[in-house]
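Encoded as structure tokens, the structure appears first; notes follow it.
In listed order, ligands and their atoms are each counted from 1. Throughout, residue positions are numbered sequentially from 1 according to the sequence presented.
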Amino acid sequence: MISVAIDGPAGAGKSTLARKAAAELGFIYVDTGALYRTVGLKFSKMGANTDLNCDIPSVLADTTVDIRFVDGEQRVFLDGVDVSEEIRTPVASMMASAVSAKGEVRAFLLEMQRKLARENNVLMDGRDIGTVVLPNATVKIFLTASAEERARRRYDELINKGMTVTFKEVYDDMVQRDYNDSHREIAPLKQADDAVLADTTGLEPQESLELILNIVKERI
Ligand code: DC
């Protein structure tokens with residue numbers, strides 16, 4: 001099986017680019033951030049805030065996260081309910097960042113991700129795919145762009161979905177999440193030694209896609 005690991009900070013365009021690149025390559029696209037968001041949503045529904053002042057193992061013992069592919073599109077299910085849209089709010093983003101710092105949560109989601117890569121040609125995106133989840137991935141890419149540009153893209157995306165947010169909120173959230181994600185003790189966001197760096201600052205979406213596809217095609 002072939003696996004392409006794409007890691008990078010929030011808003012680097014990973015999911016949009018990875019989805020298109022996977023379609024082009026005929027691979028399934030696995031958005032692992034959605035798994036952390038789903039777990040974050042569960043804790044939020046249990047009444048927890050980002051301090052996660054609760055018994056994490058017992059919440060996880062009572063949680064089922066499933067990933068299913070409907071017409072090639074990934075859908076995520078929390079305790080049997082499709083939450084693919086509900087996990088996209090700013091609150092769910094912050095909760096995802098909080099739960100993703102917990103070793104119990106990372107262990108809870110690890111095998112699901114590895115199994116998908118054992119059974120399918122995958123293009124998987126996240127923060128620790130090349131470093132932890134698939135250390136033997138066929139191709140590893142570290143995708144990034146400036147914080148300003150990443151916040152601008154995320155802001156436009158949220159506004160287009162009809163959400164009420166300010167650019168400053170989105171920018172501040174992004175800087176906070178970058179900090180959390182790259183400073184946590186377990187599986188922090190960092191470029192794997194053997195990953196290719198792809199910086200999309202100033203690139204049009206089509207140019208970024210070509211950059212990714214060229215990196216992959218040169219190596220498989
Ligand atoms: O990519 P995203 O914004 O949907 O990710 C949501 C959160 O989950 C983000 O704060 C980092 C975390 N995450 C992670 O720790 N490891 C992954 N493989 C994917 C996401």
Next item on the list: Would you mind checking which non-hydrogen protein atom is closest to atom 4 (O) of ligand 1, with the distance to 0.1 Å?
Entry: R37 NE, 2.6 Å
Item checked: Heavy-atom neighbours of Y179 OH exceed 12 at 6.0 Å -> no
Checklist line | Any P90 side-chain heavy atom under 4.5 Å of E169 side chain | finding: no
Note to self: Under a 3.5 Å distance rule, please check whether K42 uses its side chain to pair with a backbone N or O of T64 as donor and acceptor.
What the structure shows: no
Checklist line | Intermediate values then yes/no, salt bridge (Lys or Arg N to Asp or Glu O under 4.0 Å), E111 and R118 | finding: CA-CA 10 Å; E111 179 50 26; R118 273 199 303 276; 2.6 Å; yes
Next item on the list: Would you check the N or O atoms of R184, main chain and side chain alike, for any that come under 3.5 Å of an N or O of ligand 1?
Entry: yes
Check: Looking at V196, L25, I141, which one forms a side-chain contact (heavy atoms from CB on, under 4.5 Å) with I212?
Finding: I141
Next item on the list: Between A10 and ligand 1, find which residue part has any heavy-atom pair under 4.0 Å and reply side chain, backbone, both or neither.
Entry: neither
Note to self: Taking 4.0 angstrom as the limit and counting only heavy atoms of S100, give me the atoms of ligand 1 inside it, by number and element.
What the structure shows: 12 (C), 15 (O)
Checklist line | Check: V39 and L35 side chains under 4.5 Å, non-hydrogen atoms | finding: no
Notebook entry, point to check: Is any N or O atom of R177, backbone or side chain, closer than 3.5 Å to an N or O atom of ligand 1?
Noted result: yes
Item checked: Enclosure of E119 CD (heavy-atom neighbours >12, cutoff 6.0 Å) -> yes
Item checked: Residue and atom name of the nearest protein heavy atom (relative to atom 7 (C) of ligand 1), distance in Å to one decimal -> A96 CB, 3.7 Å
Check: Among R127, K102, Q113, which one has a heavy atom closest to atom 5 (O) of ligand 1?
Finding: R127
Next item on the list: With heavy atoms of S97 as the reference, note each atom of ligand 1 found under 4.0 Å away.
Entry: 10 (O)
Check: Of all the non-hydrogen atoms in the protein, which one sits nearest to atom 11 (C) of ligand 1, and at what distance?
Finding: D181 OD2, 3.5 Å
Checklist line | Closest approach of any protein heavy atom to atom 19 (C) of ligand 1, naming residue and atom | finding: T32 OG1, 3.4 Å
Checklist line | Polar atom proximity, R106 to ligand 1 (N or O, under 3.5 Å) | finding: yes
Next item on the list: Report the member of G33, S15, A92 with the shortest heavy-atom distance to atom 20 (C) of ligand 1.
Entry: G33
Item checked: Shortest protein contact, atom 8 (O) of ligand 1 (heavy atom only) -> Y36 CB, 3.5 Å
Notebook entry, point to check: Does NZ or CZ of R75 lie under 6.0 Å from the centre of the six-membered ring of F69, at an angle within 45° of the ring axis?
Noted result: no
Note to self: Tell me whether D193 at atom CG has more than 12 heavy atoms from other residues, nucleotides or ligands lying less than 6.0 Å away.
What the structure shows: no
